[in-house]
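Every number for a ligand or one of its atoms is a count from 1 in the order of the listing. Excluded from the calculations below are hydrogen atoms, water molecules and symmetry mates; all remaining heavy atoms, backbone and side chain alike, are included.
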Amino acid sequence: MNKSKEIIIFDTTLRDGEQAPGCSMTLGEKLKIAHALKDLNVNVIEAGFAAASPGDFESVKAIASEIEGPTICCLARCNEGDIEKAQQALEVSPNGRIHVFVATSEIHLKHKLNMAKDEVIKAAYNGVKMAKEYCENVEFSPEDASRTDHDFLTEVVNAAIEAGATTINIPDTVGYTIPYEFGELFKHLITNCNNAEDVIFSVHCHDDLGLSVANSLAALESGAQQVECTINGIGERAGNTSLEEVCMAIRTRKEYFDFYTSIDSTKLYPTSRLVSTITGMHVPRNKAIVGDNAFSHEAGIHQHGMLRHASTYEIMKPQDVGIGRSNLVLGKHSGRHAFLDRVKELGYELSNEDLDPAFGEFKKLADRKKDIFDSDIEAIVLSADGGTLSTWELIDLETSSGSSWGACAELKLKHFDGSTHEVSTAEQPSSGPIESVFNAIEEITGYNLELTNFEIHSVSVGEDAQGEVTVTVSYEGQDFRGHGISTDIIESGALAYLEVINRIERNRNRH
Ligand SMILES: [Zn+2]
């Protein structure tokens with residue numbers, strides 16, 4: 001009997017995912033996600049690109065020192081400066097991996113690197129060799145491998161293996177390849193590279209043609225043993241291979257692939273929600289595995305079959321991916337225990353400092369809203385930000401608006417030094433209530449922000465459902481995101497805008 005093969009799950013949400021426009025995260029947010037990835041049981045966390053900026057360096061270092069269990073990986077170009085930075089950031093971890101890369105395709109050599117082929121081979125060899133002096137565990141990637149001449153690619157990979165690389169990652173950097181073709185490339189490399197059996201081949205795909213998961217699976221079938229992916233498939237342009245999709249394909253079609261992963265699939269949904277809340281990148285309703293509609297059956301004929309036997313139309317159970325939907329509704333009289341139990345059942349952990357404020361929010365919500373659904377509880381847990389001081393706090397907000405004259409706001413904020421500040425925009429009405437609230441906030445706090453995105457979503461069902469507002473602003477060339485939740489959408493907007501300002505303040509105090 002053939003023993004099934006373990007596929008190594010390499011998560012790059014914090015590196016490639018974070019590179020997506022508007023997805024940049026603070027150190028605290030990255031740590032939150034790193035903890036969730038550890039609980040999900042990924043094998044490798046690519047924590048960042050230490051040489052990219054001092055902030056990136058700090059976050060790789062913090063993740064390396066705080067997260068135990070998974071291998072912590074840091075990206076570096078094939079030069080001494082980058083590799084040293086990676087080493088310094090990873091020093092604290094017993095399980096570090098340096099990931100060096102150099103572009104190999106004709107197009108990149110000509111237009112980006114301006115290097116000859118033998119120089120690239122030398123760079124690959126030297127880069128791996130240098131990294132190897134610091135770290136036993138070295139991964140090498142020939143960037144844009146899928147558009148590289150196969151014989152040349154073989155030569156580059158040979159050099160990396162000779163220099164001591166332990167993992168060879170083959171990226172489809174621009175999302176260009178097709179499953180059959182990509183599978184053949186892996187077969188070619190594994191057959192033709194020297195000592196291929198001594199290294200682990202890895203696959204890294206982008207979704208420009210919507211083929212990243214299919215291409216990754218084709219590579220795994222052709223001998224790759226590691227897959228690089230991100231939560232919700234976030235990443236540059238159309239994104240990366242989605243971790244939840246590739247893992248559930250392996251799990252659901254186990255008899256076909258004969259692979260397994262270490263992933264705790266019941267944590268997929270909570271982790272997806274965490275990443276979408278932090279990055280502000282909402283998951284489409286029809287997204288496979290973690291979208292709101294992924295497990296709902298509307299068509300009558302389907303519902304009929306489902307009632308008789310779930311397997312008629314369902315290849316996975318919602319519980320398998322951690323969608324623990326029950327009809328249990330909490331309300332005004334639910335106590336701390338009931339709240340905490342539900343939080344745990346939904347797959348979330350609340351730290352001690354988050355617990356009291358989160359329960360306080362729950363009680364406040366229960367006063368305003370009759371039924372509290374799982375999604376309401378999720379929203380409270382995901383926005384818990386205990387232990388972090390806020391500079392500004394909303395005390396009171398009143399708005400009025402009319403179609404003939406516009407809108408104005410009266411706003412009262414509390415500063416953390418204890419002072420309260422009030423302002424009314426009655427003298428200068430704006431075109432709408434949200435705008436008047438934002439103007440009032442700017443007047444009190446003294447900020448002048450450029451709003452680049454405003455989104456509003458309903459958190460649960462019913463007319464008294466909570467509205468979640470996510471705003472993105474640009475301030476001194478940097479993007480900041482904030483979100484706010486309330487049964488009153490104008491208040492959600494105010495809370496989101498204040499969160500942005502509190503973040504900017506925190507950022508300032510750190511530097
Ligand atoms: Zn990539």
Answer key: the N, O or S atom of Asp16 nearest to the Zn ion (ligand 1) is OD2
Value for OG (Ser222) from CD1 (Ile170), rounded to nearest 0.5 Å, stands at 12.5 Å
Looking at Lys32 and Glu29, is there a salt bridge between them, counting it only when a charged N and a carboxylate O are closer than 4.0 Å? no
When you measure from the Zn ion (ligand 1) to the N, O or S atoms of Glu236, does any of those distances fall below 2.8 Å? no
Do you know which N/O/S atom name in His206 is closest to the Zn ion (ligand 1)? NE2
Could you check whether Glu455 and His483, counting side-chain N and O atoms only, form a donor-acceptor pair closer than 3.5 Å? no
Sort out for me which residue in Phe480, Phe438, Tyr475, Tyr497 forms a ring-ring contact (aromatic ring centres under 6.0 Å, His included) with Tyr447. Tyr475
